[in-house]
Amino acid sequence: MKKTFFTVGPSQLYPTVSKHLQIALKSQILSISHRGGQFEEIFSQASNLLKQLLKIPSDYSIFFVSSGTEAMEKTIENVVEKESFHLVNGSFSKRLFDMALQLKKKATKLEVNLGEGFDFENITIPKTAELITLTHNETSTGVVLPVKQIADIKKAHPEKLLALDIVSSAPYAKIDFRFADIVFFSVQKGFGLPSGLGVIIVNPDALDKAERLEKKGINIGTYHSFPILKKSADKNQTPETPSVLHIYLLSQVLTDMLKIGIKTIRKQTDQKAKLLYSFLDNHPRWRAFVKDKKFRSKTTIVADLRKEQKMVKEILAKKGLIVGSGYGQYKDTHLRIANFPSHSLKDMKKLINNLEEL
Ligand SMILES: *Cc1c(COP(=O)(O)O)cnc(C)c1O
């Protein structure tokens, strides 16, 4: 039976991936040199199309790394000399905070209960913090942070750098890049690609900071430090032998998404999310985990099913509908359902119809 993966990553592949994979094999691009013109063309296309789709300013640089997790580490390493500040509301935002401690930075956090967002009017950020990090879409709990309020934080603290994790909300997230210095994601979520590629988007201020730290003798890492990534990216290359296949597939899926248009993708995402939340809000026993509607993620919908979770997951799986378990303490009570561009309206309706029958 053919399965549909509503898991939050890896997830359902974007429908055109299979075709692009076959073309990649046939055209023999998997054997080309990563120092040659043909690869540079693929790199440049992926980078330029991403800028078009997400409306990234032209002076921002695009770096390819191995994962979202690597992007987190590079962020801390490259722009924090001493102190960072983190908004923590789940496992992924916490990972960034933990990494800063592991990298021997003075990291402080504002932490709220799982399933909640932040009271943005009342956030106190230490004067000495050099970097603020936020997780736009907390995949562990299904909480999304309003993009306007993220921009307001940067406006209130223009002297600090702001890093934003959009791993599970890209490309849906409508980020105003003027108010974000470092933004990162990986491709196995909203882009519907196989796992193994991370993307870091960096502005000149973040690059300057990395260069200043390096001059001061601070360790900013080796082959994936921002200045080295930048030097390579300027030649449409990567410091190491990269996953050419991933960068190629990304450029092709970006082409497909640009044809559909980001507005349409966002509208379709909203429409599918509305159906699922409305089902949950009207259900006699189950509910959406995130109560406050303004913090409800459109791309990761978390349902609290309590004792019925295991049974529901199994019945859905028998029908080829694969949904995610809860994260951490909610492993056996929550369902996490991805709503990415790879999931058609028909897929989502099929999932809801099957849930309705239970
Ligand atoms: C999945 C995820 C990550 C980790 O990305 P990897 O590519 O798995 O390393 C980081 N942040 C968020 C919000 C995620 O959902």
Side-chain angles (χ1 to χ4, degrees), residues 5-13 50 62-77 84 86-100 102 109 111-112 114-118 132-147 150 162-173 175 180 182-201 224 242-243 245-247 249-250 253 269 289-290 295-302 323-328 330-331 334-343:
F5 286 88
F6 287 94
T7 38
V8 285
S11 191
Q12 185 67 16
L13 292 182
L50 185 68
I62 312 280
F63 301 148
F64 297 110
V65 296
S66 68
S67 66
T69 306
E70 189 189 357
M72 289 180 177
E73 184 187 75
K74 294 302 128 188
T75 296
I76 303 289
E77 240 175 5
S84 55
H86 309 265
L87 292 181
V88 175
N89 61 335
S91 307
F92 291 101
S93 42
K94 174 94 179 347
R95 186 182 290 179
L96 205 36
F97 167 76
D98 287 339
M99 275 184 170
Q102 285 171 318
K109 64 179 156 109
E111 191 163 11
V112 295
L114 299 178
E116 288 177 14
F118 299 91
I132 305 163
T133 76
L134 298 106
T135 303
H136 177 237
N137 191 69
E138 185 39 88
T139 323
S140 61
T141 59
V143 171
V144 74
L145 304 179
V147 286
I150 294 173
L162 186 141
L164 187 59
D165 173 337
I166 58 164
V167 177
S168 57
S169 51
Y172 171 81
I175 303 302
I182 301 167
V183 179
F184 60 85
F185 66 89
S186 46
V187 298
Q188 74 276 17
K189 298 186 181 176
F191 285 92
L193 290 172
S195 56
L197 182 71
V199 178
I200 319 181
I201 303 153
H224 275 180
S243 175
L245 178 60
H246 267 109
I247 299 172
L249 290 176
L250 178 62
V253 164
T269 306
F289 178 56
V290 180
F295 292 120
R296 280 184 177 177
S297 169
K298 300 282 174 34
T299 55
T300 313
I301 292 136
V302 179
V323 295
S325 294
Y327 207 95
Y330 300 113
K331 189 174 177 298
H334 284 183
L335 290 185
R336 287 182 306 147
I337 300 168
N339 175 29
F340 295 148
S342 309
H343 302 108

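Just so you know, ligand 1 is whichever comes first in the structure, and atom 1 is the first atom listed for that ligand.
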Checklist entry - Can you name the residues that come within less than 4.0 Å of ligand 1, going by heavy atoms only? => result Ser67, Gly68, Thr69, Met72, Phe92, Arg95, Thr135, Asn137, Thr139, Asp165, Val167, Ser168, Ser186, Gln188, Lys189

Checklist entry - side-chain hydrogen bond (donor to acceptor under 3.5 Å, both in side chains) with Arg95: which of Thr69, Thr135, Asp165? => result Thr69

Checklist entry - Looking at Tyr327, is Lys94 sitting on its ring face, NZ or CZ under 6.0 Å from the six-membered ring centre and within 45 degrees of the normal? => result no

Checklist entry - Considering only heavy atoms from C-beta outward, does the side chain of Pro146 approach that of Phe295 to under 4.5 Å? => result yes

Checklist entry - Can you tell which of Phe340, Tyr172, Phe185 makes a ring pair (Phe, Tyr, Trp, His ring centres under 6.0 Å) with Phe191? => result Phe185

Checklist entry - Looking only at heavy atoms, what is the nearest atom pair of Gly192 and Ser342, with distance? => result CA-OG, 3.6 Å

Checklist entry - So His343 and Phe6, would you call those rings parallel, tilted or perpendicular, with 30° and 60° as cut-offs? => result parallel

